[in-house]
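Below is one structure, written out as structure tokens, with a few remarks after it.
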Amino acid sequence: MTATLVTADGVTLRYRDSGGPGPVFLLSSGVGQSLEFWDRQVEALAGEARLIAWDYPSHGLSSVDPAPLTVERLARLALELLDRLGVSSAILVGNSLGGAVSLKVQSMAPARVRGLVLAAPAFTGPKVFAAFKLFALPVVGRLLTKPSDKGVEMQVAGVFHPGHRPDDALLAVIRRNVFKPGAQEPFLTFMRSTLSLAGVRRPVFAEMHRLYRACACPILFVHGRQDKIIPFEQSQACADLAPDARVMIFEDCGHAPQLERPEKFNALLRDFAAGLADAGQ
């Protein structure tokens with residue numbers, strides 16, 4: 001399945017659309033990642049659902065964006081992408097930053113979001129991977145985010161549970177993303193805007209908490225118990241804030257449950273979509 005480019009708000013976005021019948025899923029990745037992080041879902045579910053995965057600006061094979069990377073801008077671009085593809089409503093599935101983006105889309109256009117599946121969503125509370133806090137330091141942050149083999153290994157060690165090291169194809173994608181020309185500055189600026197040495201900035205996670213309280217659609221949180229980036233307890237706390245939410249905890253799993261436990265994750269997507277259909281949503 002080939003990827004396609006589309007221009008939206010001055011930036012060229014790469015996306016992959018499986019087409020086909022059934023429910024529509026919009027798949028949004030973590031910061032610094034790309035649409036290949038959803039390959040296991042697209043491969044398994046393309047015959048029974050329409051899956052749309054995309055690269056954010058300055059990510060993957062999308063163009064570098066001169067505009068600042070923000071959750072709100074990504075949410076607006078997600079809605080524009082759906083418009084371009086003629087999608088009136090979808091189930092939004094997001095990993096890490098993609099979870100925050102999906103929640104923001106729901107707050108901006110609730111009638112277009114049937115439900116949310118949030119895999120280790122970002123900004124659920126103050127706690128975050130210790131190394132990320134160092135990005136706030138002027139010199140250290142720039143050194144840590146400089147494209148390097150060490151940066152590739154840091155991403156792998158942080159995201160994946162030791163029992164689920166990515167295969168060679170995904171490692172090549174991670175390396176390509178880390179070494180993407182022009183990507184360091186938007187990445188570092190975004191991380192510094194949302195994180196400090198103390199962790200996630202309070203206004204950032206407070207806004208997410210507000211959106212969870214106001215969210216009227218069903219939410220399924222999926223989180224690895226061994227996640228080193230974001231503790232699973234923060235997803236549990238946010239589920240308690242939302243009117244209609246539940247949590248699934250995956251054992252022996254880190255920050256990318258859709259990759260580390262794909263069969264189990266895909267089964268949850270099927271069941272979630274079926275539940276929405278049964279409820280007339």
Side-chain angles (χ1 to χ4, degrees), residues 1-6 8 12-30 33-56 59-62 74 77-99 101-102 105-106 112-121 159-160 164 166-174 176-177 217-220 222 248 250 253 255-279 281:
M1 188 184 305
T2 59
T4 306
L5 300 176
V6 64
T12 300
L13 301 176
R14 180 181 67 143
Y15 71 92
R16 185 171 291 157
D17 182 356
S18 72
V24 179
F25 294 94
L26 178 66
L27 311 171
S28 299
S29 305
Q33 298 175 0
S34 55
L35 60 77
E36 290 90 352
F37 277 65
W38 299 103
D39 280 356
R40 300 296 297 273
Q41 286 62 57
V42 175
E43 292 165 1
L45 302 175
E48 57 196 88
R50 181 180 179 185
L51 298 104
I52 302 165
W54 63 302
D55 290 340
Y56 304 140
H59 286 63
L61 296 182
S62 290
L74 295 180
L77 287 171
L79 285 167
E80 186 166 347
L81 178 60
L82 292 177
D83 288 342
R84 296 291 186 91
L85 297 177
V87 176
S88 59
S89 64
I91 300 168
L92 305 191
V93 187
N95 177 216
S96 197
L97 172 59
V101 172
S102 298
V105 171
Q106 193 282 331
R112 302 186 65 177
V113 179
R114 297 178 58 205
L116 297 171
V117 179
L118 308 180
V159 170
F160 297 95
H164 300 281
D167 60 22
D168 289 344
L170 186 56
L171 280 173
V173 167
I174 294 170
R176 181 204 69 198
N177 292 345
C217 75
I219 305 175
L220 173 62
V222 184
M248 292 293 296
F250 286 5
C253 181
H255 191 58
Q258 81 276 16
L259 283 169
E260 298 174 71
R261 290 281 186 261
E263 294 83 7
K264 190 172 182 179
F265 191 87
N266 293 344
L268 287 178
L269 292 184
R270 289 188 182 97
D271 290 347
F272 188 77
L276 293 176
D278 289 344
Q281 295 175 298

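All heavy atoms count here, side chains included; hydrogens, waters and symmetry mates do not.
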(message) Between Asn266 and Gln41, do the side chains contain a donor N or O and an acceptor N or O under 3.5 Å apart?
(response) yes
(message) So which atom in Phe25 and which in Leu269 form the shortest heavy-atom distance, rounded to 0.1 Å?
(response) CZ-O, 3.8 Å
(request) Supply the atom-to-atom distance Leu276 CG to Ile91 CD1, rounded to the nearest 0.5 angstrom. (result) 5.0 Å
(request) Report yes if some heavy atom in the side chain of Val105 is under 4.5 Å from a heavy atom in the side chain of Leu74; otherwise report no. (result) no
(message) For a quick test of reading the model, state the closest non-hydrogen atom pair linking Gln258 to Arg40 and the distance between them.
(response) O-CB, 4.2 Å
(message) Is there a side-chain contact (heavy atoms from CB on, under 4.5 Å) between Leu26 and Val93? Walk through the geometry before answering.
(response) CA-CA 6 Å; Leu26 178 66; Val93 187; over 6 Å; no
(message) Under 3.5 Å, is there a donor on one side chain and an acceptor on the other for Ser96 and His255?
(response) yes
(message) Strictly distance-based, threshold 3.5 Å: is any side-chain N or O of Ser89 a donor or acceptor partner for the main-chain N or O of Arg114?
(response) no
(message) Donor-acceptor check, side chain of Asn95 to backbone of Gly98, threshold 3.5 angstrom: yes or no?
(response) no
(request) Look up atom CG in Leu13 and atom CZ in Arg84, then write down how far apart they are to the nearest 0.5 Å. (result) 9.0 Å
(request) Determine whether Ile52 and Arg16 make a side-chain contact, defined as any pair of heavy atoms from C-beta on separated by less than 4.5 Å. (result) no
(request) Search all heavy atoms of Pro218 against all heavy atoms of Phe272 and return the closest pair with its distance. (result) O-CZ, 3.7 Å
(request) First locate atom CG of Leu171, then atom CG of Asp167, and finally report the distance between them rounded to the nearest 0.5 Å. (result) 7.0 Å
(request) Compare all side-chain heavy atoms of Leu259 with those of Leu170 and state whether any distance is below 4.5 angstrom. (result) yes
(message) Do Tyr15 and Leu27 have side chains that approach each other closer than 4.5 Å (heavy atoms only, starting at C-beta)?
(response) no
(request) For Cys253 and His164, run side-chain contact (heavy atoms from CB on, under 4.5 Å): C-alpha distance rounded to whole Å, both residues' side-chain angles, the deciding distance at 0.1 Å, then the answer. (result) CA-CA 8 Å; Cys253 181; His164 300 281; 5.7 Å; no
(request) Could you check whether the rings of Phe250 and Phe265 sit parallel, tilted or perpendicular, using 30° and 60° as the cut-offs? (result) perpendicular
(request) Report yes or no: does Tyr56 contribute a side-chain atom to a donor-acceptor pair with the main-chain N or O of Gln33 at less than 3.5 Å? (result) no
(request) Mind checking the CZ-CG spacing from Arg261 to Leu268? Nearest 0.5 Å is all I need. (result) 12.5 Å
(message) Taking CG in Asp168 as the centre, count heavy atoms belonging to other residues, nucleotides or ligands within less than 6.0 Å. Is the count above 12?
(response) no
(request) Apply the test side-chain contact (heavy atoms from CB on, under 4.5 Å) to residues Asp17 and Leu85: give CA-CA distance (whole Å), side-chain angles for both, the deciding distance (0.1 Å), then the verdict. (result) CA-CA 9 Å; Asp17 182 356; Leu85 297 177; 4.2 Å; yes
(message) Is there a side-chain contact between Leu118 and Ile219 in this structure, where contact means two heavy atoms from C-beta onward sitting under 4.5 Å apart?
(response) yes
(request) Taking Arg112 for its side chain and Val87 for its backbone only, find out whether a donor-acceptor pair lies under 3.5 Å. (result) yes
(request) State whether the side chain of Glu260 and the backbone N or O of Ala256 hold a donor-acceptor pair below 3.5 Å, judged by distance alone. (result) yes
(message) So does Arg14 get a backbone contact from the side chain of Asp55, meaning a donor-acceptor N/O pair under 3.5 Å?
(response) no
(request) Indicate the atoms forming the closest heavy-atom contact of Pro21 with Gly47, along with that distance. (result) CG-O, 4.3 Å
(message) Contact between Trp54 and Ser34 at the side-chain level, heavy atoms closer than 4.5 Å - yes or no?
(response) no
(message) Tell me whether Ser18 contacts the main-chain N or O of Leu51 through its side chain, where contact means a donor paired with an acceptor under 3.5 Å.
(response) yes
(message) Do Pro166 and Ile174 make a side-chain contact, defined as non-hydrogen atoms from C-beta onward lying under 4.5 Å apart?
(response) yes
(message) Please determine whether side-chain contact (heavy atoms from CB on, under 4.5 Å) holds for the pair Leu116 and Leu220, giving the CA-CA distance in whole Å, both sets of side-chain angles, and the decisive distance to 0.1 Å.
(response) CA-CA 6 Å; Leu116 297 171; Leu220 173 62; over 6 Å; no
